[in-house]
Protein chains: 2
Amino acid sequence: MITHAMEDYLKAIYLLQKGKEEKVPTSVIAQHMHVSAASVTGMIRKLASMELLNHNSYHGVKLTEGGEKIAQEVVRHHRLLELYLVEIMGFTWDKVHHEADKLEHVISEEFEEKMAEALGHPTIDPHGHTIPTKEGNLKETSYEILAEIDAGSFVTVRQVNDGIPEMLRYLAGLGLIPGARVQVVAKAPFNGPLCLKIKGCEHHVGREVARNVFVEMSVQGND
Amino acid sequence: MITHAMEDYLKAIYLLQKGKEEKVPTSVIAQHMHVSAASVTGMIRKLASMELLNHNSYHGVKLTEGGEKIAQEVVRHHRLLELYLVEIMGFTWDKVHHEADKLEHVISEEFEEKMAEALGHPTIDPHGHTIPTKEGNLKETSYEILAEIDAGSFVTVRQVNDGIPEMLRYLAGLGLIPGARVQVVAKAPFNGPLCLKIKGCEHHVGREVARNVFVEMSVQGND
DNA sequence: ACTAAAATTTAGGCGTGCCTAAATATGACC
DNA sequence: GGTCATATTTAGGCACGCCTAAATTTTAGT
């Protein structure tokens, strides 16, 4: 029996395990989930006994195929829900992460399918993340962090971190949303603010904010 | 802190507590929730300590105003969800009870409002039950049980029990759905089947089924 | 009123998932 | 290679919500 808590752990590990072969340390999971490291160890033991992940004591964990499959389903639920809440129900994009975090564990497969149909089987959620297919296909492109882009560059926003509602409201206010064209006009030294030109207007944005925005470099003359 | 389990108990007691002053016995709650009587006693103790219900040992429980308010919110969630799932998402009416039972505990107030708006602030769910308003107003009309209607009577279906998917599929197949006009043509003795005329066709329906259908007597010449 | 059956509560136990504190393993630096 | 800081695991405890079995109260019948 898979509990909601187990699903949450599998999802967290899945999202933290960037490289396919990468092992995720206990402490990283603990920090991400706001629980103690001891709690993570306890849950890891159980998930390992269910062969949903492999655990080398003191050396982190890696999902098995079975574990990844479950995690991917949860992520699919989450991202479909986010999009459904925004597109069909009219939620603002800052509220949907929290709502989806609760709903993702309780909706049925039929609910998932109804959402996918209503949305035309989408592949990208409101924050720019790829929605895994029902078969588990997922090519999550890895973009560059806006905070680390050189001054003078032209970029297109592709993803934003969705965990902090206030941040999302701020980004929406600036127009820093997936699809937006941005020029990095200047970067202040010592982790100072970036000067960004968005829709013709210049805005000064802190590094911390710019670390939550992921962009693609615009090729010269690119549309 | 109100847990999902507490909400489930409050909802059950609310639904079982027909008369306003009626006390609901432990055993009735236990049977309705498919848990042991001892479990009910345990939970009752906690809910009583939170002043969500009053408990006279050995003499059943009655919700306080606070408890009723929470129960009513859960029931509102449940019934709005059922209607939303049928009307907006295209679920068949036999599946929505189970889905709503899970979702009712996790949706936000905003989710509730979005549903209510999308549905035009409805007052009746797909099975004919009244949806409590946000303020907690609710006049649940009590109808008569189809199984106990005398032969020869004309009735209109108003409500059906929603707990058994297979029963709902059967009822839908017969056309025994809220709004349907039905004549009780005959009743076999010894708890035997009823002969019902529905949309011009006669059907023989077991008593057990007819106990799940609630009807209003049609006044002569009533539209 | 007394007794037996039924309903209810108490007692004790289990699995889940969290915590803190203590023990232990790792890895980096000298 | 030893030592120390850090990461991780173990140990022990707690709240929740469920269970069965035993004790208790209510109730109905004689």
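Hydrogens, waters and symmetry mates are skipped; everything else that's a heavy atom, side chains included, is used.
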Checking D/dT9, D/dT26, D/dG17 against the side chain of A/Ser57 (C-beta onward), the nearest is D/dT9

A/Thr41 side chain N/O closer than 4.0 Å to the phosphate oxygens (OP1, OP2) of D/dT8?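 Answer is no, no contact under 4.0 Å.
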
Ignoring backbone atoms, test whether B/His34 places a side-chain nitrogen or oxygen under 4.0 Å from the OP1 or OP2 oxygen of D/dC18.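 No.
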
Is [X] touching bases, backbone alone, or none of the nucleic acid, heavy atoms closer than 4.0 Å?
X       : result
B/Ser27 : sugar-phosphate
B/His4  : nothing
A/Ser36 : base
A/Ala37 : base

Value in whole Å for how far the [atom2] atom of [N] lies from [atom1] of [X]:
X       : N      : atom1 : atom2 : answer
B/Arg45 : D/dA15 : CZ    : P     : 15 Å
B/Lys23 : D/dT26 : NZ    : C1'   : 15 Å
B/His55 : D/dT26 : NE2   : C1'   : 13 Å
B/Leu10 : D/dG17 : CG    : P     : 11 Å
A/Gln31 : D/dT6  : CD    : C1'   : 14 Å

Is the shortest side-chain N to carboxylate O distance from [X] to [Y] below 4.0 Å?
X        : Y        : result
B/Glu112 : B/Arg76  : yes
A/Lys11  : A/Glu104 : yes
A/Glu208 : A/Arg211 : yes
A/Lys62  : A/Glu22  : no

Pick from B/Thr26, B/Val24, B/Asn54: which one makes a side-chain contact (heavy atoms from CB on, under 4.5 Å) with B/Ile44?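 Of all the options given, the one that passes is B/Thr26.
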
How would you give the extent of chain A contacts on DNA chain C, as first and last nucleotide 5' to 3' within a 4.0 Å heavy-atom cut-off?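 The contact span of chain A on DNA chain C goes from C/dT16 to C/dG27.
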
Find which nucleotide of DNA chain C each of A/His59 and B/Tyr58 is nearest to by heavy atoms, and output the residue with the more 5' nucleotide. B/Tyr58

Of A/Met43 and B/Ala38, the one whose nearest nucleotide on DNA chain C sits closer to the 5' end is B/Ala38

Mark yes or no for whether B/Glu68, through its side chain, and B/Tyr14, through its backbone, hold a donor-acceptor pair below 3.5 Å. no

Does A/His97 have its ring centroid less than 6.0 Å away from the ring centroid of A/His127? no

